[in-house]
Engineer: 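The structure is given below, and queries will be raised subsequently.
The analysis underlying the following values was restricted to heavy atoms, covering all of them including side chains, and did not include hydrogens, waters or symmetry mates. Quick caveat, the model's predicted, so the values are computed rather than measured.
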Amino acid sequence: MISKGQLINDRYEIIRSIGEGGMANVYLANDTILDRLVAVKVLRGDLSEDEKFVRRFQREAIAASSLNHPNIVEVYDVGEDNGKYYIVMEYVDGKTLKSLIKKRGALTLPEVVDIMLQLASAISCAHDSYIIHRDIKPQNVIILEDGRVKVMDFGIAAQLNSNDLTQTNSVMGTVYYLPPEQANGNVTTTKSDIYSLGILMYELVVGRVPFKGDSPVEVAIKQMRERIPSLTDANPDIPQSIENVILRACAKNPKNRYESMGEMRADLETVLDKNRFDEAKVVYEYPESNFDDSEKHLEKRSDRNKKNEEGKKYKKLNKSVIIASVIAGVLLFTLLFTFIIYPKFISKPSVEVPDVSNLKVSKAEKLLEDSGFVVNVKTKKKTSDEIDKGKVIETDPEAGRTIKKGSKITLIVSSGSKKIEIEDYTGKNYYEIKAKLEAANITVEIEKKDVPEGDNVKDDIILGQDVKAGEKLGKGDTIILTIPNVYVVYPDFAKEGYSELDVKNFCAKNGLTLEINHQADGGKSDGTIIYQNMAAGTKVRDGATVKITVVKNEVKPGTDMGTDSGSNDEGQ
C-alpha cells in the first residue's frame, strides 16, 4: 500500500485509497503540475515482478491512452517509479454500476437501454482502434450523477488461464462475464467483448448474473456449456426484442453473435419500439454446442462428398455427351429468347411513374395499376414528420422515372412521426425520463436547484421543465429538466451538544466523509467537541469532508494519538 502524501514520479501526490483489485490498487491523487485530481492505478507488488506481464501492462495502457470518447475514462500517463508501475487516469466522481445493481436490483428498461447504448458506443470506439477490453463487467463501469457512464481499464485486463481459475477471490468478479472462448483458453476477439456486454445487459434487466457457482471453474464451465436462461419465460412482460439482443450477444458460438459492436448498437437503438415487442425469438444459424469440432467435421465431410460426386459425374460423362449438352443448351436459349424474352421487351412501352405521395395506400395502388404497373403486396415503412401515418411517402422506383409497363412498384408508407408528446415529468425519476427522451434523440440538459435536506426531496426526482406538457419534440430538439441539488446546513456541534457518535450518525445519514482527531485538554471533559472545520450555517453536499477535534484525556503512555477517518465515498 502507498501512504497518504507520498509522491509518485515526483508529481502525483497521494490523497487516499479509493479501490483495491486483484491486479492493482487505485488511489486518488493530486497532479501537482496541472493542479487537478487524478486516479492513479499502481500495479500490485507480486505482478510487478513478472516482466512479461509488466511489458503487456505498459504496452496496452499506452494503446488505451489513445482512446478519446465521452464514455471512456481517459488515460493521462503511464510510467514506473522505483519499481512501482502505474497508470494515471481521469478521476471520475461516481459509483460503480455494480454498486447501483446491488442497491436497486433490476433497472427499468429505458435505463438499461440508455446505459447499454453508451457502453456499446464506448466499446465500438475501442474496437475501431483495434483495442479489445477483455474484462467488461459492472465493476469497471462508473455511473455519474447525470446518468452518464464511463468505462475504465481498456485493454489492460489480465488474460485468465487455468491456474487463475483456481484463485476464487481474484477472478470471481470476472468469470461471471467470461466469454466461452476465453474460458476455453482460445484467443479473444471483438466478439468476446460483445458476449460480456450481453451478460452485463442480462444482469441490468434481471438484477443478477445468469450463471452462478461455488467456484470460478464451475461458472466457467456453465459459460461454455449452458444456454442463457430465458427472460421472457421468467417474466412475460419483458419484450421479446430485449431478450433477442441478449440472445444474439450471448451466443456460445461467436458466429451466432453480432458481427460488430456497431451492429449491436444499431439493434439497441430500436429495441424499445413497440412494433418490435412481439417479434420472433432469435434462432441460431450455427450449432451452439461443440461448434469447433462439429463445423470442422461437417466441412471435411462436405468436401469429401463433393469430390466423390464430381468423380462419379466425370466418369459417366464422355466427350460426345458434353458436346451434345452444349448444343442443346444453345438451342434452348435461342428458342426462349426468340419466342418469350424478346417479345416481352418489344411489346411493352415505357411509362412514367406517377407521383402518389400523400395518398392513402388504396388510392395509390389504383392510380399505379391504372398506369399499367404491378403494385407489390408488401409495403415498406418509414417515419415522417410531414406525411400522416398510413399515407404514401414515395415509391420504389421513384416518381418521374420512366420504366416498362408491368414493372413492379413498391409503396413506402409513413409509420408516423418520430416526435413524441412531452408530458409533465415533475416528480418522476430523472434517469428514467432522460433515457426515454434520449431514445427519441432528444437532447436532455439539466439545471440544479438548491434544496435543503429537510424538504425530503430525492436527488433523482424532477422538479420542473422548460417545455410545457403537450408540446412535441423530436431529433435535435432540447429540453431542460430541473433536479434538486440537496444540501445540508452545517450545525454548531459543540453549541448544540453533539456527541462523537451523534456526529458520526449525522455524516452517515447525509453522505459526508468524517475525519476525527482526538486531543487531550485538561480543562474539558472527554467527548467534548472543541473544533469543526466549517462554520455553522455552511451549506454542504453529499461527499464533503467533515473534520472535528474531540477531547480525549485518558491516553496511556506511549499511545499514538492519530487521526481516525470515517468511510470514504465510493469513487473511481
Engineer: If you look only at distance, which donor and acceptor atoms sit under 3.5 Å apart when one is on a side chain in residues 238-249 and the other is two or more places apart or in another chain?
Structural biologist:
| residue | atom | partner | partner atom | Å |
| --- | --- | --- | --- | --- |
| Gln240 | NE2 | Glu243 | OE1 | 3.1 |
| Gln240 | NE2 | Asn244 | OD1 | 2.9 |
| Ser241 | OG | Val271 | O | 2.7 |
| Glu243 | OE1 | Thr232 | OG1 | 2.9 |
| Glu243 | OE2 | Ser230 | OG | 3.0 |
| Glu243 | OE2 | Leu231 | N | 2.8 |
| Asn244 | OD1 | Val282 | N | 3.1 |
| Asn244 | ND2 | Glu279 | OE2 | 3.0 |
| Asn244 | ND2 | Ala280 | O | 2.8 |
| Arg248 | NH2 | Glu263 | OE2 | 3.0 |

Engineer: Got a second to check how far Thr108's OG1 is from Leu204's CG, nearest 0.5 Å?
Structural biologist: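 Here the interatomic distance stands at 10.0 Å.
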
Engineer: Got a sec, which residues hit side chain to side chain contact (heavy atoms under 4.5 Å, CB included) with Ile72, two or more places apart in sequence or on another chain?
Structural biologist: Leu67, His69, Ala122, Cys125, Phe154

Engineer: Could you give the distance from OG1 (Thr379) to NZ (Lys381), rounded to the nearest 0.5 Å?
Structural biologist: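 Between atom OG1 of Thr379 and atom NZ of Lys381 there are 4.5 Å.
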
Engineer: side-chain contact (heavy atoms from CB on, under 4.5 Å), that's the test. Do Tyr76 and Val88 meet it? Break it down for me.
Structural biologist: CA-CA 5 Å; Tyr76 297 140; Val88 180; 4.2 Å; yes

Engineer: Regarding Tyr258 and Asp267, is there a side-chain donor-to-acceptor distance under 3.5 Å anywhere?
Structural biologist: yes

Engineer: For Lys382, enumerate each residue passing the salt bridge (Lys or Arg N to Asp or Glu O under 4.0 Å) test, keeping only those at least two apart in sequence or located in another chain.
Structural biologist: Glu394

Engineer: What salt bridge (charged side-chain N to carboxylate O under 4.0 Å, His left out) pairs are there with at least one residue in residues 349-366, not counting sequence neighbours?
Structural biologist: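 Residue pairs passing salt bridge (charged side-chain N to carboxylate O under 4.0 Å, His left out), neighbours aside: Lys366-Asp370.
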
Engineer: For Ile403, check side chain to side chain contact (heavy atoms under 4.5 Å, CB included) against everything at least two apart and list the hits.
Structural biologist: Val353, Phe373, Pro397, Arg401, Ser407, Ile409

Engineer: Within the structure provided, determine whether Val375 and Glu369 are in side-chain contact (heavy-atom separation under 4.5 Å).
Structural biologist: yes

Engineer: Please examine the side chains of Thr482 and Ile462, heavy atoms only from C-beta on, and report whether any two atoms are closer than 4.5 Å.
Structural biologist: no

Engineer: Do Thr96 and Ile142 have side-chain heavy atoms sitting under 4.5 Å apart?
Structural biologist: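 Of all side-chain heavy-atom pairs linking Ile142 with Thr96, at least one is under 4.5 Å.
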
Engineer: Are the side chains of Pro254 and Arg257 in touch, meaning some heavy atoms are under 4.5 Å apart?
Structural biologist: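 Pro254 vs Arg257: side chains touch.
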
Engineer: Rounded to the nearest 0.5 Å, what's the gap from CD1 on Ile433 to CG on Asp114? Could you check?
Structural biologist: 12.0 Å

Engineer: Around Arg36, counting heavy atoms of other residues, nucleotides and ligands shown, do more than 12 lie under 6.0 Å from its CZ?
Structural biologist: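 Above 12, so yes.
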
Engineer: Let's go through Glu181 and Lys191 carefully: what are the C-alpha distance in whole Å and the side-chain angles of both, what is the deciding distance for salt bridge (Lys or Arg N to Asp or Glu O under 4.0 Å) to 0.1 Å, and is it a yes or a no?
Structural biologist: CA-CA 10 Å; Glu181 60 270 24; Lys191 288 194 174 186; over 6 Å; no

Engineer: Hydrogens and angles aside, do Tyr195 and Lys252 bring a side-chain donor and acceptor to less than 3.5 Å of each other?
Structural biologist: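 Yes, because at least one side-chain N or O of Tyr195 sits under 3.5 Å from a partner of the opposite role on Lys252.
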
Engineer: Go through the steps to decide whether Lys98 and Glu203 satisfy the test side-chain contact (heavy atoms from CB on, under 4.5 Å), and finish with yes or no.
Structural biologist: CA-CA 10 Å; Lys98 191 67 176 179; Glu203 185 178 8; 2.6 Å; yes

Engineer: I'd like to know whether CG of Asn68 has more than 12 heavy-atom contacts from other residues, nucleotides or ligands below 6.0 angstrom.
Structural biologist: no

Engineer: Measure the OH-CD distance between Tyr176 and Gln139 for me, rounded to the nearest 0.5 Å.
Structural biologist: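 The CD atom of Gln139 is 10.0 Å from OH of Tyr176, to the nearest 0.5 Å.
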
Engineer: Got more than 12 heavy atoms from elsewhere within 6.0 Å of CZ, Arg225?
Structural biologist: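 For Arg225, atom CZ is not crowded (no more than 12 foreign heavy atoms under 6.0 Å).
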
Engineer: For Lys274, I'd like to know if atom NZ has over 12 heavy atoms of other residues, nucleotides or ligands within 6.0 Å.
Structural biologist: no

Engineer: Any side-chain heavy atom of Met89 sitting closer than 4.5 Å to one from Lys41?
Structural biologist: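 Met89 vs Lys41: side chains touch.
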
Engineer: Would you please test Asp135 and Asp153 for side-chain contact (heavy atoms from CB on, under 4.5 Å) and show each step?
Structural biologist: CA-CA 8 Å; Asp135 194 22; Asp153 283 358; 5.5 Å; no

Engineer: Mind checking the CD1-OH spacing from Ile483 to Tyr425? Nearest 0.5 Å is all I need.
Structural biologist: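 These two atoms lie 16.0 Å from each other.
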
Engineer: Say whether, by atom type as modelled, one donor and one acceptor occur between the side chain of Asp388 and the main chain of Lys391 under 3.5 angstrom.
Structural biologist: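 No, because the side chain of Asp388 does not come within donor-acceptor range (under 3.5 Å) of the backbone of Lys391.
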
Engineer: If you apply the rule side-chain contact (heavy atoms from CB on, under 4.5 Å), what do you find for Ile123 with Met264, and how did you get there?
Structural biologist: CA-CA 11 Å; Ile123 304 298; Met264 182 178 179; over 6 Å; no

Engineer: Any chance the side chains of Ser124 and Arg265 put a donor and an acceptor closer than 3.5 Å?
Structural biologist: no

Engineer: Within the structure provided, determine whether Gln223 and Gln182 are in side-chain contact (heavy-atom separation under 4.5 Å).
Structural biologist: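 No, their side chains stay 4.5 Å or more apart.
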
Engineer: Consider only side-chain N and O atoms of Lys137 and Ser196, and report whether a donor and an acceptor are under 3.5 Å apart.
Structural biologist: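 There is no such pair (donor and acceptor under 3.5 Å, judged by atom type) between the side chains of Lys137 and Ser196.
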
Engineer: What's the spacing between Leu107 CG and Tyr431 OH if we round to 0.5 Å?
Structural biologist: 11.5 Å

Engineer: Sequence neighbours excluded and cut-off under 3.5 Å, please list the side-chain donor-acceptor pairs for residues 467-480, or say none.
Structural biologist:
| residue | atom | partner | partner atom | Å |
| --- | --- | --- | --- | --- |
| Asp477 | OD2 | Gly474 | N | 2.7 |

Engineer: Would you check if Val356 and Leu368 make a side-chain contact, meaning some heavy-atom pair closer than 4.5 Å?
Structural biologist: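 Side chain of Val356 against side chain of Leu368, heavy atoms only: contact under 4.5 Å found.
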
